[in-house]
Number of protein chains: 2
Amino acid sequence: MGVIPEPTIERLLLLTRFLENCGKTVVTSSEIEARTGWSSNTIRKDISCLSGELSSGNGYAVDSLKAAIESSLGLKEPRKCCVVGLGRLGSAYLNFPGFEADGFNIIAGFDSSVNRVEILQSPVTLYPAFKMGEVITRFKIELALLCVPAATAQIAADKLVAAGIKGIVNFAPASLHVPANVTVRNVYVVDELRALSARLPKE
Amino acid sequence: MGVIPEPTIERLLLLTRFLENCGKTVVTSSEIEARTGWSSNTIRKDISCLSGELSSGNGYAVDSLKAAIESSLGLKEPRKCCVVGLGRLGSAYLNFPGFEADGFNIIAGFDSSVNRVEILQSPVTLYPAFKMGEVITRFKIELALLCVPAATAQIAADKLVAAGIKGIVNFAPASLHVPANVTVRNVYVVDELRALSARLPKE
DNA sequence: CCATGTGAATGCGTTCACAGCC
DNA sequence: GGCTGTGAACGCATTCACATGG
């Protein structure tokens, strides 16, 4: 059953959120279509990429389906994460309570300002930036939230890559240059607004 | 020249960020390939969707290229935006300085807690949630940053749609149900981490 | 000669249509 | 009857290959 296509992965991830919020114990592909806009064909094809008995003829058991997605996509294993750049956004994430429930553990924060590292109150250990390589390697941190300004984003990304990071969520408006074995997800609010703008009907 | 394919729009948006940061006045498609990972073929095809004389034989003038993208995607016109939900994230965006430079004006903030609306310090006018419809219609607000908890995201989205909003950036882990003429962009940090997880080599 | 631009070929994801099952 | 699952058809985006221009 080969590799799962990228768009399918993306939909399956969103589907788990739908399953969490739908409040039902069984759903059919048509119900999902009605709520998400994806055709029931697409949804069934997506689900057929998963393994296991998921349907008993009509409808999918919500719990099993959710579990199957999480297991197929490798979401079950806990992942160690760090926050790089402790400005307004970065320090917000240090205190954000939503990570644990999905198995993500923020275990370190980094900032180039030693002063800030010492002053900030935080539930996770903070380090000056020059310790990034050592700490990431030592704790086997896999993922990073990159919250530094655009001007220093590439430099920080280079350090993360050198330390063996596997994936980066990039909050800076910069297009990062990383090797093929490192995945980057760009999350910049203004770019999302621009993406919306680009889809508005032009008059 | 026909409609621009979705993936091309996405790349062109990221390309402008690259152009802003590359520090050169002329770039070739191969240079872009080396930095972004997209093939030079793809990039030239993308650029061919734009209109105007962009190349003089070798390389693109960075400024003209950036301008052409912005104009073709309709990014030049200023857009009115609002923030819905003034918790930690929402109030951070009220004070975020990066919107203006790209022509986005945050002109209203909404929260269901009247108390919070009265107490919060903010550079933009705040309103209680029940005024959403009226204010959005009156000021012709086109885009919304939806920063409410997952549990109330759909309800808030319904109100936005009823008020005539054109696009929503959804920060809640909820899959929103909106009519086809409204675009939604989902931006949830934990989902980005999950997307990275799903792409890590499974052992 | 190197870089752009573009019709043609390829490949991949979506859509279709129907067989199988409860 | 309604729903799932899947091979086959389709369509669109990427890739290729080459003609064009400085």
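Here is the naming used below: chain letters follow the sequence lines, and residue numbers restart at 1 for every chain. FYI, side chains are in, hydrogens and waters are out, and symmetry mates aren't considered; it's all heavy atoms of this structure. Keep in mind it's a predicted model, so treat the numbers as computed, not measured.
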Euclidean distance, atom CG of residue A:L65 to atom C1' of D:dT4 [Å, nearest integer]: 13 Å
B:S91: which of B:D111, B:V83, B:L126, B:L120 passes side chain to side chain contact (heavy atoms under 4.5 Å, CB included):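 Only one of B:D111, B:V83, B:L126, B:L120 forms a side chain to side chain contact (heavy atoms under 4.5 Å, CB included) with B:S91, namely B:L120.
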Of B:I4, B:I69, B:D46, the residue whose pairing with B:I9 passes side chain to side chain contact (heavy atoms under 4.5 Å, CB included): B:I4
Under 3.5 Å donor-acceptor, B:E31 side chain and B:T28 backbone: yes
Where protein sits on nucleotides 13-18 of chain D, one letter per nucleotide: B base, S sugar-phosphate only, - none, heavy atoms under 4.0 Å: SBBBB-
Sugar-phosphate, base or nothing in reach of B:S30, heavy atoms under 4.0 Å: nothing
Sugar-phosphate only, base, or nothing, as touched by B:S40 at under 4.0 Å among non-hydrogen atoms: nothing
Segment of DNA chain C, first to last nucleotide, that comes within the 4.0 Å heavy-atom reach of chain B: C:dA3 to C:dA8
salt_bridge([X], [Y]) N-O dist < 4.0 Å:
X	Y	result
A:D63	A:K24	no
A:E142	A:K80	no
A:E192	B:R185	yes
B:K131	B:E134	no

Below 4.0 Å: OP1/OP2 of D:dG5 and any side-chain N or O of A:S48: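 Checking A:S48 against D:dG5: no side-chain N or O falls below 4.0 Å of OP1 or OP2.
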Counterpart residues, salt bridge (charged side-chain N to carboxylate O under 4.0 Å, His left out), relative to A:K159 (two or more places apart):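 For A:K159 there are no salt bridge (charged side-chain N to carboxylate O under 4.0 Å, His left out) partners, ignoring immediate neighbours.
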